[in-house]
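Structure, as structure tokens:
What you see below is based on every heavy atom in this structure, not just the backbone, and it leaves out hydrogens, waters and symmetry mates. Bear in mind the structure is a predicted one, so any value in this text is a computation, not a measurement.
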Amino acid sequence: MIDHVSIAVRDLSTATAFYEAVLSEIGFRKLDEKPGTCGFGKRYPEFWINARPDLPSDPSSGFHVCLRARSVEHVRAFYRAALALGATADGQPGLRPEYDSRYYASFVRDHDGNRIEVVTFVGEA
């Protein structure tokens with residue numbers, strides 16, 4: 001139902017480098033770049049970052065988005081890459097039975113406070 005999402009970032013070049021690295025762990029790549037915005041995806045830009053230099057600095061005010069990964073290892077690789085690039089841990093990789101018995105996810109906060117979740121479903125065909 002959702003075609004794409006956009007999140008605000010203070011520094012577009014810093015955020016672009018961060019997202020190029022971490023999104024590659026789940027099969028996304030940079031597909032489009034225009035003044036003030038950059039789009040990532042697998043076949044078309046479905047995850048956009050938009051420059052908002054005046055973004056509030058309160059890290060709890062960030063956006064939440066969940067991206068689907070193909071496997072548990074992809075969830076773990078995304079999490080490791082994000083932390084290595086300066087993201088803040090907000091939920092280490094693991095099962096989240098409070099959501100679903102097969103729900104395996106990790107959560108990080110990017111440099112702008114946006115909460116990025118990556119999920120896969122264990123045992124899914």
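- Salt bridge status for R68 with E117: absent, with no side-chain N to carboxylate O gap under 4.0 Å.
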I'd like to know whether T16 forms a side chain to side chain contact (heavy atoms under 4.5 Å, CB included) with I49, so could you lay out the CA-CA distance, the side-chain angles of the two residues, the decisive distance to 0.1 Å, and finally the verdict. CA-CA 8 Å; T16 298; I49 56 175; 3.5 Å; yes

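- Taking all atoms of both residues into account, the shortest heavy-atom contact from I116 to I7 is CD1-CD1, 4.3 Å.
- Note that OG of S6 is 8.0 Å distant from CZ of F63, once rounded to the nearest 0.5 Å.
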Would you give me the side-chain donor-acceptor pairs under 3.5 Å for residues 22-32, sequence neighbours excluded?
from: S24; atom 1: OG; to: A21; atom 2: O; distance (Å): 2.7
from: K30; atom 1: NZ; to: E33; atom 2: OE1; distance (Å): 3.0
from: D32; atom 1: OD2; to: K34; atom 2: NZ; distance (Å): 3.1

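- Remark: side-chain polar atoms of T120 are paired, donor with acceptor, to backbone N or O of A69 under 3.5 angstrom.
- Distance alone, capped at 3.5 Å, is enough to place a donor-acceptor pair between the D112 side chain and the R10 backbone.
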Quick one, Y79 with V118, criterion side chain to side chain contact (heavy atoms under 4.5 Å, CB included). Give me CA distance, side-chain angles, the key distance, then yes/no. CA-CA 8 Å; Y79 185 79; V118 175; over 6 Å; no

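- Using modelled atom types, one side-chain atom of H111 and one backbone atom of L85 make a donor-acceptor pair closer than 3.5 Å.
- With hydrogens and angles ignored, the 3.5 Å screen pairs a side-chain donor or acceptor of Y44 with a backbone N or O of D3.
- A51 and L12 make their closest contact through CB-CB, 4.1 Å (heavy atoms, listed as atom of the first residue, atom of the second, distance).
- Within the 4.5 Å cutoff, the side chain of S13 has heavy atoms near those of the D11 side chain.
- To the nearest 0.5 Å, atoms NE2 (H64) and CZ (R109) are separated by 9.0 Å.
- Using a 30° and 60° split on the angle between ring planes, W48 and H4 fall in the perpendicular class, above 60°.
- Applying the salt bridge (charged side-chain N to carboxylate O under 4.0 Å, His left out) test to pairs two or more places apart or on separate chains, none has a residue in residues 37-54.
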Below 3.5 Å, can you tabulate the donor-acceptor pairs from side chains in residues 90-99 to any protein atom, sequence neighbours excluded?
from: D90; atom 1: OD2; to: R115; atom 2: NE; distance (Å): 2.5
from: R96; atom 1: NH1; to: Q92; atom 2: O; distance (Å): 3.3
from: R96; atom 1: NH1; to: G94; atom 2: O; distance (Å): 2.9
from: R96; atom 1: NH1; to: A105; atom 2: O; distance (Å): 3.3
from: R96; atom 1: NH2; to: Q92; atom 2: O; distance (Å): 2.8

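- In this structure, F121 CZ and S101 OG are separated by 9.5 Å, a value rounded to the nearest 0.5 Å.
- Taking all atoms of both residues into account, the shortest heavy-atom contact from L83 to A89 is CD2-N, 3.5 Å.
- N114 approaches A8 most closely through the heavy-atom pair ND2-O, 3.0 Å.
- Contact check for V119 versus Y103: side-chain heavy atoms found under the 4.5 Å cut-off.
- Closest heavy-atom contact between F18 and A82: CE1-O, 3.8 Å.
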